[in-house]
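Predicted model, so just to flag it, every value in this text is computed and none were measured. Whatever order the structure lists ligands and atoms in, that order sets their numbers, starting from 1.
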Amino acid sequence: MRLNSPRMTVIYNACMKASKSLIRDFGEIEKLQVSTKGPGDFVTAADKRTEKIIIEELLKAHPDYGILSEEIGEINKENKEHRWIIDPIDGTLNFLNGIPHFAISVGFEEKGELVCGLIFDPIKNETFFAEKGSGAFFNNSRIRVSKKNKLKNSILATGGPKFNSPKKNNIFQEYIKISNLVDAPIRKFGSAALGMSYVAAGRFDAYWEWELNYWDIAAGIVILKEAGGFIEFIEPGTINSTKRNILTTNSSILDELKAALVKKNIE
Ligand code: 2AM
Ligand code: CA
């Protein structure tokens with residue numbers, strides 16, 4: 001693992017510690033699925049436990065740094081210089097169903113700018129990380145986005161629709177339409193953090209999803225950019241200004257994909 005900076009080491013150690021209980025919890029899911037109650041409460045507890053371990057470790061290293069985390073919200077809100085952005089389990093629905101595709105995501109902001117990110121898939125033991133100006137890495141290797149420059153040779157991924165979205169029908173139609181329009185396979189894996197990591201690693205050529213939260217994408221933004229990828233925020237499409245619509249690509253297919261998406265929106 002090429003982790004040169006103290007900050008990356010802090011994030012990495014926090015994620016490794018938290019992932020031990022997360023992997024154990026994932027092993028319990030199968031048993032709970034056959035119970036009448038299902039694993040819902042258990043998963044919420046696992047989410048909170050993971051978050052607690054990560055936060056404890058990060059605060060141990062820097063007691064005064066700010067934190068924004070999915071379950072707990074904000075800590076040390078007044079610190080605008082340094083802030084961690086945490087998603088303890090991204091891909092919760094996968095986790096809940098015993099599907100081994102989810103990740104811990106931790107980003108780091110300096111004066112409001114994202115400068116570091118690490119996404120750890122504990123089941124596949126895959127770590128994606130980056131620090132601004134130092135490139136992006138997958139485990140021990142440097143990663144770059146793919147070089148594909150034609151949509152028809154690409155493999156794409158998306159997510160959603162969100163159940164609470166007032167625009168869910170539009171979003172769903174958009175997905176169906178683009179599947180018909182684009183002569184390329186489209187995948188839907190259920191984790192925004194891993195979707196972005198896979199674009200960074202050249203596994204996907206593009207990934208888009210509407211109405212994501214900041215903690216879903218913070219670490220992914222740094223990793224993607226450092227791997228040479230491009231993120232575009234698509235507006236509007238939401239009534240809630242805290243949600244983000246993102247289109248991430250290897251850069252080369254951006255124009256073609258965007259044209260396809262925009263065309264669908266005006267039809
Ligand atoms: P989660 O697993 O942490 O909830 C799947 O489509 C992606 O969207 C995942 O990254 C998931 O994160 C996120 N997601 C699911 N429901 C969401 C919602 N209501 N608002 C924002 N993001 C959501
Ligand atoms: Ca998430």
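Salt bridge Arg49/Glu71: absent, no basic N to carboxylate O contact under 4.0 Å.
Close approach of ligand 1 to Asn213 (heavy-atom distance below 4.0 Å) involves ligand atoms 20 (N), 21 (C), 22 (N). In the vicinity of Gly190, heavy-atom distances shorter than 4.0 Å reach the ligand 1 atoms 5 (C), 9 (C). Below 4.0 Å from some heavy atom of Asp87 lie the following atoms of ligand 1, by number and element: 3 (O). Each of the following atoms of ligand 1 lies closer than 4.0 Å to a heavy atom of Ala192: 9 (C), 10 (O). Contact atoms of ligand 1 toward Gly91: 1 (P), 2 (O), 3 (O) (distance under 4.0 Å to a heavy atom of the residue).
Using 4.0 Å as the threshold, Lys188 has no heavy atom nearer than that to any atom of ligand 1. Ligand 1 lies out of reach of Asn94, whose nearest heavy atom is not under 4.0 Å from it.
Of all the heavy atoms of Asp90, the ones lying under 4.0 Å from any atom of ligand 1 are found in both the backbone and the side chain. When non-hydrogen atoms are compared, ligand 1 lies under 4.0 Å from the backbone of Glu211 (N, CA, C, O) but not from its side chain.
Asp216 contributes atom OD1 as its closest N/O/S atom to the Ca ion (ligand 2). Of all the N, O or S atoms in Asp87, the one closest to the Ca ion (ligand 2) is OD2.
For atom 1 (P) of ligand 1, the nearest non-hydrogen atom from the set Leu194, Thr242, Thr92 belongs to Thr92.
With Ser146 as the partner, the side chain to side chain donor-acceptor pair (under 3.5 Å) test is satisfied by one option alone out of Thr249, Asn153, Asn250: Asn250.
The six-membered or imidazole ring of Phe120 lies away from that of Tyr12, with a centre-to-centre distance of 6.0 Å or more. Between Phe204 and Phe189, the distance separating the two ring centers is shorter than 6.0 angstrom.
Note on ring orientation: taking the six-membered ring where Trp is involved, the planes of Tyr65 and Trp84 are tilted (angle from 30° to 60°). Taking the six-membered ring for Trp and thresholds of 30 and 60 degrees, Phe128 and Tyr198 have ring planes inclined between 30 and 60 degrees apart.
Distance check for Asp90 against the Ca ion (ligand 2): an N/O/S atom falls below 3.0 Å.
Side-chain contact of Glu209 with Thr158: a donor-acceptor pair under 3.5 Å is absent, judged by distance alone.
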_Is there a salt bridge (charged side-chain N to carboxylate O under 4.0 Å, His left out) between Glu131 and Arg7? Walk through the geometry before answering._
CA-CA 9 Å; Glu131 195 155 16; Arg7 275 187 310 219; 2.8 Å; yes

*Worked verdict on Lys150 versus Glu256 for salt bridge (charged side-chain N to carboxylate O under 4.0 Å, His left out)*: CA-CA 8 Å; Lys150 287 268 184 300; Glu256 207 185 339; 5.9 Å; no

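Backbone and side-chain nitrogen or oxygen atoms of Leu212 are examined, and none is located within less than 3.5 angstrom of a nitrogen or oxygen of ligand 1.
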